[in-house]
Amino acid sequence: MAKVLIVYYSRTGNTEKMAHAVAEGVKLVKDVVVDVKKVEQATLDDLLNADGIIIGSPTYYGQMAGKIKTLFDESVKIHGKLSGKVGAAFTSSGGTACGAETTIISILEAMLVHGMIVQGRAHEKHYGATAVGRPREEDMEICKDLGKRTAELVLKIRK
Ligand SMILES: Cc1cc2nc3c(=O)[nH]c(=O)nc-3n(C[C@H](O)[C@H](O)[C@H](O)COP(=O)(O)O)c2cc1C
């Protein structure tokens, strides 16, 4: 079985709701198991043991929240070992055009530095899943799609 790990930080619950919707999407794909962890509980071993890593953060000043950045900074200890794993990102922001895209890019950028593989999306939400405030039903669908696509790419790469 391939494994997808979802790591998120959430202070007021919006990113957390998105994380569970992303997990629902992963569960739609056969032969892939999913683990969802708050960033405070995620270890470097968790990252090493996953084939795909999806990270969610609230938009904080147009970037990933400090606790997510701390995990990346810690991950220098395993630098090179995440190479070839699939990565994806999602964020909850307070407003529209208020830094959600730059937040996702800040996460994907760190993943690329690790040598991870990131897939874009051709139609709408090109960089990852985003929602403003409390995620609506359509936002949850976009999250599910992110989980499903990431899991499918993991399987393709493992073949
Ligand atoms: C320190 C801090 C910085 C923030 N910066 C931004 C920002 O730059 N742009 C934005 O749209 N929202 C910003 N917000 C709002 C959060 O992104 C938003 O409330 C989000 O839904 C919180 O997610 P959570 O419920 O998972 O904690 C900020 C909130 C905090 C606490």
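Remember, it's 1-based here, ligands and their atoms both numbered in the order they're listed.
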*Asks:* With a 3.5 Å distance limit and no angle check, can you tell me whether Asn49 reaches the backbone of Asp45 through a side-chain donor-acceptor pair?
*Replies:* yes
*Asks:* Distance-only, no hydrogens or angles: does the His126 side chain make a donor-acceptor pair with backbone N or O of Arg121 under 3.5 Å?
*Replies:* yes
*Asks:* Thr15 heavy atoms, cut-off 4.0 Å: which ligand 1 atoms fall inside?
*Replies:* 23 (O), 24 (P), 26 (O)
*Asks:* To the closest 0.5 Å, what do you measure between CZ (Phe72) and CD1 (Ile55)?
*Replies:* 4.0 Å
*Asks:* Relative to the heavy atoms of Cys98, which atoms of ligand 1 are at a distance of less than 4.0 Å?
*Replies:* 7 (C), 8 (O), 9 (N), 10 (C), 11 (O)
*Asks:* As an exercise, identify every atom of ligand 1 less than 4.0 angstrom from a heavy atom of Arg11.
*Replies:* 24 (P), 26 (O), 27 (O), 31 (C)
*Asks:* With heavy atoms of Gly62 as the reference, note each atom of ligand 1 found under 4.0 Å away.
*Replies:* 8 (O)
*Asks:* With the threshold set at 4.0 Å, does a side-chain nitrogen-carboxylate oxygen contact exist between Glu138 and Arg136?
*Replies:* yes
*Asks:* I'd like to know if the side chain of Lys3 and the backbone of Val32 have a donor-acceptor N/O pair within less than 3.5 Å.
*Replies:* no
*Asks:* From the options Pro135, Gly66, Gly94, select the one whose nearest heavy atom is closest to atom 19 (O) of ligand 1.
*Replies:* Gly94
*Asks:* Determine, stepwise, if the pair Arg11 / Tyr9 fulfils side-chain contact (heavy atoms from CB on, under 4.5 Å).
*Replies:* CA-CA 7 Å; Arg11 207 167 74 165; Tyr9 172 64; 3.6 Å; yes
*Asks:* Counting heavy atoms only, name the option from Pro58, Gly13, Ala19 that's nearest to atom 22 (C) of ligand 1.
*Replies:* Pro58
*Asks:* Give the numbers and elements of all ligand 1 atoms closer than 4.0 Å to a heavy atom of Ser10.
*Replies:* 24 (P), 25 (O), 26 (O), 27 (O)
*Asks:* Just go through Ala65, Ser92, Gly99, Ser57 and tell me whose heavy atom is the nearest to atom 21 (O) of ligand 1.
*Replies:* Ser92
*Asks:* Any idea which protein heavy atom is nearest atom 5 (N) of ligand 1, and the distance to it?
*Replies:* Tyr61 N, 2.9 Å
*Asks:* Considering only non-hydrogen protein atoms, determine which one is nearest to atom 17 (O) of ligand 1 and report residue, atom name and distance to 0.1 Å.
*Replies:* Thr59 O, 2.7 Å
*Asks:* Can Lys156 and Glu152 be counted as an ion pair, charged N to O under 4.0 angstrom?
*Replies:* no
*Asks:* May I ask you to identify the nearest protein heavy atom to atom 25 (O) of ligand 1, giving residue, atom name and distance to one decimal place in Å?
*Replies:* Thr12 OG1, 2.4 Å
*Asks:* Give the C-alpha distance, both sets of side-chain angles, the deciding distance and a yes or no for side-chain contact (heavy atoms from CB on, under 4.5 Å) between Tyr8 and Val39.
*Replies:* CA-CA 5 Å; Tyr8 70 92; Val39 70; over 6 Å; no
*Asks:* Can you pull out the closest protein heavy atom to atom 30 (C) of ligand 1? Residue, atom name and distance to 0.1 Å, please.
*Replies:* Tyr60 CE1, 3.4 Å
